[in-house]
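So the structure is just underneath, and the comments pick up after that.
Predicted, not measured: the structure shown is a model, and the values here were computed from it. First listed ligand is number 1; within each ligand, the first listed atom is number 1.
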Amino acid sequence: MTCREVERELVAYQFGALEDDARRRVEAHLVACSACVGAFVQVKRAVELGEQGARPSDAAKRRLRRAVARELGVREAKPTAWERALAVGIAACLVLVAGAATRALTSAPGAPPHALSDDTFSR
Ligand SMILES: [Zn+2]
């Protein structure tokens with residue numbers, strides 16, 4: 001395994017999402033390569049502190065998703081066009097409700113935006 005290959009696997013390794021074979025190869029490399037141990041420490045710190053910068057490869061993300069799905073016992077499924085449309089509809093309704101609620105709360109006399117009316121300053 002090259003350093004480059006190991007670096008791509010470090011996030012998945014950190015989360016224990018590598019297959020046994022890949023995990024053993026990463027560990028064999030880490031034992032022999034201080035540069036990759038340094039990279040792993042950075043990944044570990046970024047994950048634990050929520051820092052930006054460490055980006056798992058697409059393959060690692062797929063493996064992570066599969067591992068999580070397996071762990072939770074759910075089938076990996078993409079939303080159908082109908083489900084996407086429903087989600088967009090629900091989001092649009094929430095935006096409208098939030099807008100209507102904001103208007104209802106702020107348009108009454110004495111409501112926050114109008115609390116300091118022109119009268120307040122002319123007295
Ligand atoms: Zn290395």
Side-chain angles (χ1 to χ4, degrees):
M1 237 178 165
T2 66
C3 291
R4 213 177 153 80
E5 289 169 329
V6 168
E7 278 178 32
R8 281 198 299 257
E9 305 292 0
L10 288 177
V11 173
Y13 178 75
Q14 161 70 15
F15 285 104
L18 289 179
E19 305 293 331
D20 286 349
D21 186 44
R23 181 181 49 77
R24 271 193 289 271
R25 280 185 286 142
V26 167
E27 285 171 349
H29 186 97
L30 288 176
V31 165
C33 179
S34 61
C36 285
V37 170
F40 177 61
V41 169
Q42 282 185 332
V43 166
K44 200 169 167 54
R45 188 183 309 134
V47 166
E48 286 170 358
L49 301 179
E51 290 173 2
Q52 294 295 310
R55 297 263 177 245
S57 67
D58 286 343
K61 286 183 200 168
R62 278 194 298 276
R63 279 198 303 276
L64 275 168
R65 269 189 226 110
R66 274 200 300 271
V68 169
R70 223 180 9 248
E71 196 68 29
L72 299 176
V74 294
R75 226 166 16 94
E76 209 178 351
K78 290 187 173 166
T80 63
W82 189 86
E83 288 168 328
R84 262 196 300 274
L86 181 65
V88 169
I90 290 171
C93 285
L94 291 175
V95 168
L96 290 175
V97 166
T102 301
R103 179 156 176 76
L105 290 171
T106 59
S107 62
H114 306 291
L116 300 176
S117 65
D118 291 342
D119 294 349
T120 310
F121 298 108
S122 60
R123 273 181 217 150

Nearest non-hydrogen partners of Thr102 and Thr106, listed with the distance: O-OG1, 2.7 Å
The Zn ion (ligand 1) neighbourhood, protein N/O/S only, threshold under 2.8 Å: Cys3 SG, His29 NE2, Cys33 SG, Cys36 SG
Pairs satisfying salt bridge (charged side-chain N to carboxylate O under 4.0 Å, His left out), at least one member in residues 81-104, at least two apart: none
Qualifying residues under side-chain hydrogen bond (donor to acceptor under 3.5 Å, both in side chains), relative to Glu27, sequence neighbours excluded: Tyr13, Arg23
Val37 versus Leu30, closest heavy-atom pair with distance: CG2-O, 3.1 Å
Passing candidate, side-chain contact (heavy atoms from CB on, under 4.5 Å) with Glu9, options His29, Arg25, Gln14, Arg63: Arg63
Partner set under side-chain contact (heavy atoms from CB on, under 4.5 Å) for Ala67, not counting sequence neighbours: Ala17, Arg70
